[in-house]
There are 2 protein chains.
Amino acid sequence: MSPRRSYDQYCSAARALDVVGDRWTLLIVRELLAGPRRYTDLHADLPGVSTDVLASRLKDMERDGLTTRRRLPPPGAAYVYELTPRGSELLPVLQALGTWGQAELGERRPTDAVRAHWFALPLLRDLEGEGLVEVRLEEGEFHVYVGAEGGPVYGDGPAPAEPDARLALDTGTCTAVARGESSVPDAVRDGRITVTGDGTLAKALREG
Amino acid sequence: MSPRRSYDQYCSAARALDVVGDRWTLLIVRELLAGPRRYTDLHADLPGVSTDVLASRLKDMERDGLTTRRRLPPPGAAYVYELTPRGSELLPVLQALGTWGQAELGERRPTDAVRAHWFALPLLRDLEGEGLVEVRLEEGEFHVYVGAEGGPVYGDGPAPAEPDARLALDTGTCTAVARGESSVPDAVRDGRITVTGDGTLAKALREG
DNA sequence: CGGCATCCGTGACGATACTG
DNA sequence: CAGTATCGTCACGGATGCCG
């Protein structure tokens, strides 16, 4: 195991970069915020990362206390990687990067990959309260845990339980929210986001 | 000029990392948050960065709209690098990294470099209101602009104008604040931080 | 002397192939 | 499926040189 390369500066930001500053690390955290993932799934949702770099990062992250490796019970016994509480605390870092990066997003380039759950972070920024929200896009479906403390912050596919609200929106609205040109409440008011469900979260969204 | 390497993901966090994810870039931003700096000063306050990497980063950052290069008027005509407003907007990213990195800070290692103004970020996190604050440490002196919008967020040396408050604290208190073990208001209450001055900021600090 | 550009050794990275 | 092995390339770190 290679000793970690450090900036050797007594500064907490530099220390954070010692741990998460390597290429791909924070994007792996972004993926794992969706809950436990298998190696192959991570590799599929991180186009461009090579197999050895992904394996190396996962080892480093485990050594640094960001992730754990766990064997799923049979059937389908496989290893999954998941964030520790310490790893989940990186959410504000990804939020800050995401907020700043809105202005860099622009139009989608032909070479750009997209995954539905990548829209979870900008959506989460705009949602208040607490509860499970299911989101339906043309590109796919995902769900977010608004106001969650530990555990997954969002996930791919339909909500694993009855959601407190369901949102449906088209690609244009979604990218407008992702770019910060439109907020979720605004888009709900304009009818570009359809809200269903009768939880308090759904009601709050509909009533602005 | 080399074309920028990109993750090619339609995700604002990934886009942000396209711009600021390279080694040293965010630490250069941290330095420039202290105001305009010359190349040599940057090199001196970023121990470990090689000259070519620093020059390359500064070019990339100018191309990406994070910094500008300006010639100082004579005497002492030299080039200084300073953040654009867009570059200054990275402050929340550094704050988030710094907050997360508190837990990684630990004791100062013999190999760790220290600069007085690196303590500005944790201090700034704890200070509310608006005004100019001068901070005196054993390692040196710096000042912070609390609640500043544009321009420098902190700077080395004594305050360039009459400060609204002056703080004096020892190294132990300073590192305790940097590690998040103690807040500034707490340390003021305990007498570990001495507050002088009669601005509203100084009064608010003394009265807790 | 400040502000880089050049050169070079090392390590990180990316793509592909291969294995338990 | 979950990685390891191999290899070419590029980024990085350190030193030195050049030029105003």
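Computed from a predicted structure; not experimentally measured. Order of the sequence lines sets the chain letters (A, B, ...), proteins ahead of strands, with each chain counted from 1. When reading the values below, keep in mind they use all heavy atoms of this one structure, side chains included, and skip hydrogens, waters and symmetry mates.
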Can you measure [X] atom [atom1] to [N] atom [atom2] for me and round it to whole angstrom units?
{"X": "Leu46(A)", "N": "dA15(C)", "atom1": "CG", "atom2": "P", "value": "13 Å"}
{"X": "His43(B)", "N": "dA5(C)", "atom1": "NE2", "atom2": "P", "value": "14 Å"}
{"X": "Leu72(B)", "N": "dC1(C)", "atom1": "CG", "atom2": "C1'", "value": "16 Å"}
{"X": "Asp60(A)", "N": "dA12(C)", "atom1": "CG", "atom2": "C1'", "value": "12 Å"}
{"X": "Tyr39(A)", "N": "dT4(D)", "atom1": "OH", "atom2": "P", "value": "8 Å"}
{"X": "Arg4(B)", "N": "dA11(D)", "atom1": "CZ", "atom2": "P", "value": "14 Å"}
{"X": "Leu42(B)", "N": "dG2(C)", "atom1": "CG", "atom2": "C1'", "value": "13 Å"}
{"X": "Glu62(A)", "N": "dA2(D)", "atom1": "CD", "atom2": "P", "value": "15 Å"}

Residues in salt bridge (Lys or Arg N to Asp or Glu O under 4.0 Å) contact with Glu82(B), at least two apart in sequence or another chain: Arg70(B)
Partner set under salt bridge (Lys or Arg N to Asp or Glu O under 4.0 Å) for Arg109(B), not counting sequence neighbours: Asp8(A), Asp112(B)
In terms of the nearest nucleotide of DNA chain D, which residue is placed more toward the 5' end: Tyr79(A) or Tyr7(A)? Tyr79(A)
For Asp64(A), which of Arg4(A), Lys59(A), Arg86(A) qualifies under side-chain hydrogen bond (donor to acceptor under 3.5 Å, both in side chains)? Arg4(A)
Checking Ser183(B) now: which residues fulfil side-chain hydrogen bond (donor to acceptor under 3.5 Å, both in side chains) with it, not counting sequence neighbours? Asp186(B)
Could you tell me whether the side chains of Ser12(A) and Glu104(B) share a donor-acceptor contact shorter than 3.5 Å? no
Tabulate atom names and distances for all N/O pairs under 3.5 angstrom spanning the protein and nucleotides 15-20 of chain D.
| from | atom 1 | to | atom 2 | distance (Å) |
| --- | --- | --- | --- | --- |
| dA15(D) | N6 | Thr51(B) | OG1 | 3.2 |

Considering just the side-chain nitrogens and oxygens of Arg57(B), establish if one lies under 4.0 Å of OP1 or OP2 belonging to dC12(D). yes
Is there a side-chain contact between Tyr81(B) and the phosphate of dG2(C), meaning an N or O under 4.0 Å from OP1 or OP2? no
Qualifying residues under ring-ring contact (aromatic ring centres under 6.0 Å, His included), relative to [X], sequence neighbours excluded:
{"X": "His117(B)", "value": "none"}
{"X": "Trp100(A)", "value": "none"}
{"X": "Tyr81(B)", "value": "none"}

Angle between the end axes of the helix from dC1(C)-dG20(D) to dG20(C)-dC1(D), five pairs per end, to the nearest 10 degrees? 30°
With nearest nucleotide decided by heavy atoms, which residue, Arg5(A) or Val49(A), maps closer to the 5′ end of DNA chain C? Arg5(A)
Taking side chain to side chain contact (heavy atoms under 4.5 Å, CB included) as the definition, give me every residue that meets it alongside Ala96(B), ordered by chain and number, with sequence neighbours left out. Val93(A), Ala96(A)
What residues form a side chain to side chain contact (heavy atoms under 4.5 Å, CB included) with Gln95(A), not counting sequence neighbours? Leu91(A), Leu121(A), Leu124(A), Arg125(A)
Which of residues 13-26 of chain B have a heavy atom under 4.0 Å from DNA chain D? Arg23(B), Trp24(B)
One thing to verify: whether Glu141(B) and Arg166(B) come together as a salt bridge, which I'm taking to mean a side-chain N less than 4.0 angstrom from a carboxylate O. no
Can you tell me which nucleotide in dA2(D), dG3(C), dT4(D) comes closest to the side chain of Lys59(A)? dT4(D)
Considering only distance and modelled atom types, tabulate donor-acceptor pairs under 3.5 Å from the side chains of residues 42-52 of chain B, sequence neighbours left out.
| from | atom 1 | to | atom 2 | distance (Å) |
| --- | --- | --- | --- | --- |
| His43(B) | NE2 | Val49(B) | O | 3.3 |
| Asp45(B) | OD1 | Arg115(B) | NE | 2.7 |
| Asp45(B) | OD2 | Arg37(B) | NH1 | 3.2 |
| Ser50(B) | OG | Asp52(B) | OD1 | 2.7 |

